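Structure, as structure tokens:
Start at 1 with the first residue, then count along the sequence. On a predicted model such as this, the values are computed, not experimentally measured, just so you know.
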Amino acid sequence: MRAQSSATASTRIAVDTPAPGGTSADTPSPGLFSRGSAAGPAQAALGVVAFSLTFPATVWGLEGFGPWALVSARSVLAALIAGGALLALRVPLPARRHWPGLMVVAAGVVLGFPLLTTLALRTSTTAHAAVVVGLLPLTTALLSALRVGARPSRTFWAAALAGAAAVAVFTVQQSGGALTVADLYLFGALLVCAAGYTEGGRLARELPGWQVIGWALVLCLPLTVPVAAVALVHQPPHLGVHSVAGLLWVAAGSQFLGLVVWYRGMAAIGIPKASQLQLAQPLLTLVWSVLLLGEHLTPAAPLTAAAVLVCIAVTQRARG
């Protein structure tokens, strides 16, 4: 049975490419960090493109929704999409061993990162908030090394550090170099999201990626539904084209579809290598901020983009 098949009553779901030597799906194997097929990088890259629109879409959403209302409503809408798919395909409940990991995914990428970044974006520009995403690939690679025993090469770590430094310097320069209270939210978001990515990438070796994020979203419904109800009453929305479009994107695009292809990509090519593709996300976010929000960039943008692309190429070619 292939990993993408969900119409099975078995609690164990095989991955597309079995680990060398018959390694159990419960045990991290060298195959987790192999290059994988071309589909893996493509899926991870699609996830990065989807995530790059999250901050601009959040700014749009905040035009008509309060931060608590926006975060809870996006989670509820995404959970309805995911839950509908799980019900329609009659997907069985995950095995008991999967639930702790799903709770980490839920706490990190369903609740923690959206809430903390939304609170930060009330007073921070998208350029400044992109510092989080600029450091997220390195943090995710570090956590994966601790959690699942990844051992990328020295070349990989050197390129990852160089790429993170380039993005951090550029985005801090774009925001004027000033530190604000929003940075506390952003650094917290960095940590919880990296944990959610690492655990989700590990789980995606045993469950299809869409089921990983789907069950995490459904798991949060007992919390997000009452929070959304209270928030929408105390923070009545002012619906407009921007606010509705922003909400729909962060719910369907960022919170569900983007994470589906992202976790599939991580499972195919490994957490460290997939995470380094996200070095391009801050630069894409800054492009969207110019096109959608009217923010301005400096001439350093193309130079930084070229440096980051070189670092990404090195990490993808480095041996895991």
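- In this structure, CG on L102 lies 7.0 Å from CG on L207, to the nearest 0.5 angstrom.
- The two residues G265 and Q43 come nearest to each other via the heavy atoms N-OE1, 3.8 Å.
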Q. Could you walk me through whether S243 and W60 pass the side-chain hydrogen bond (donor to acceptor under 3.5 Å, both in side chains) check?
A. CA-CA 5 Å; S243 60; W60 273 10; over 6 Å; no

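- Heavy atoms only, all atoms of each residue included: T54 and V250 are closest at O-CG1, 3.9 Å.
- Contact of the L293 side chain with the T126 side chain is registered, since non-hydrogen atoms from C-beta on lie closer than 4.5 Å.
- Closest of all the heavy-atom pairs between A106 and C220 is CB-SG, 3.4 Å.
- Applying the side chain to side chain donor-acceptor pair (under 3.5 Å) test to pairs two or more places apart or on separate chains, those with a residue in residues 61-83 are E63-H242, R74-Q255.
- Of all heavy-atom pairs spanning L277 and P41, the tightest one is CD1-O, 3.8 Å.
- Both M103 and L203 are members of a single hydrophobic cluster when ILVMFWY side chains are connected at heavy-atom separations under 4.5 Å.
- By the 4.5 Å heavy-atom criterion applied to side chains, L116 and V192 are counted as neighbours.
- Atom CZ of F256 sits about 7.5 Å away from atom CG of L217, to the nearest 0.5 Å.
- Between F55 and S289 the shortest side-chain heavy-atom distance does not fall below 4.5 Å.
- Residues passing the side-chain contact (heavy atoms from CB on, under 4.5 Å) test with V230 are H234, sequence neighbours excluded.
- Side-chain contact between L239 and F65 is present, with at least one heavy-atom pair separated by less than 4.5 Å.
- In the hydrophobic clustering of ILVMFWY residues, with side-chain heavy atoms under 4.5 Å counting as a link, V110 and L191 come out apart.
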Q: Kindly determine whether W249 and S254 satisfy side chain to side chain contact (heavy atoms under 4.5 Å, CB included), including the steps that lead there.
A: CA-CA 6 Å; W249 180 258; S254 303; 3.3 Å; yes

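- Going from atom CG of L70 over to atom CG of L119 covers 10.5 Å, rounded to the nearest 0.5 Å.
- In terms of hydrophobic clustering, with Ile, Leu, Val, Met, Phe, Trp and Tyr side chains grouped at heavy-atom distances under 4.5 Å, L184 and V71 are assigned to different clusters.
- The CH2 atom of W210 sits 8.5 Å away from the CH2 atom of W215 when rounded to the nearest 0.5 Å.
- With hydrophobic clusters built from ILVMFWY side chains whose heavy atoms lie under 4.5 angstrom apart, L257 shares a cluster with V91.
- The cluster map of Ile, Leu, Val, Met, Phe, Trp and Tyr, joined by side-chain heavy atoms under 4.5 Å apart, puts I81 and L223 in the same cluster.
- Under a 4.5 Å side-chain heavy-atom criterion applied to ILVMFWY residues, the cluster that includes V261 comprises L46 as well.
- Under the 4.5 Å side-chain criterion, counting only non-hydrogen atoms from C-beta, R97 is in contact with E206.
- Annotation: side chain of Q235 is in contact with side chain of P67 (closest heavy-atom distance under 4.5 Å).
- Shown here for L136 and A194, the closest heavy-atom pair between the two residues is CD1-N, 3.7 Å.
- Summarising the geometry, atom CG belonging to L292 is positioned 10.5 Å from atom OG1 belonging to T285; distances are rounded to the nearest 0.5 Å.
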(Q) Would W262 and Y197 count as a ring pair (Phe, Tyr, Trp, His ring centres under 6.0 Å) here? Give the steps. (A) CA-CA 9 Å; W262 176 242; Y197 279 173; 5.5 Å; yes

Q: Assess whether side chain to side chain contact (heavy atoms under 4.5 Å, CB included) is satisfied between V109 and Y263, documenting all intermediate values.
A: CA-CA 12 Å; V109 302; Y263 283 142; 3.8 Å; yes

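- Rounding to the nearest 0.5 Å places CG of L89 at 8.0 Å from CD of Q211.
- Smallest separation of non-hydrogen atoms from A274 and A44: CB-CB, 4.3 Å.
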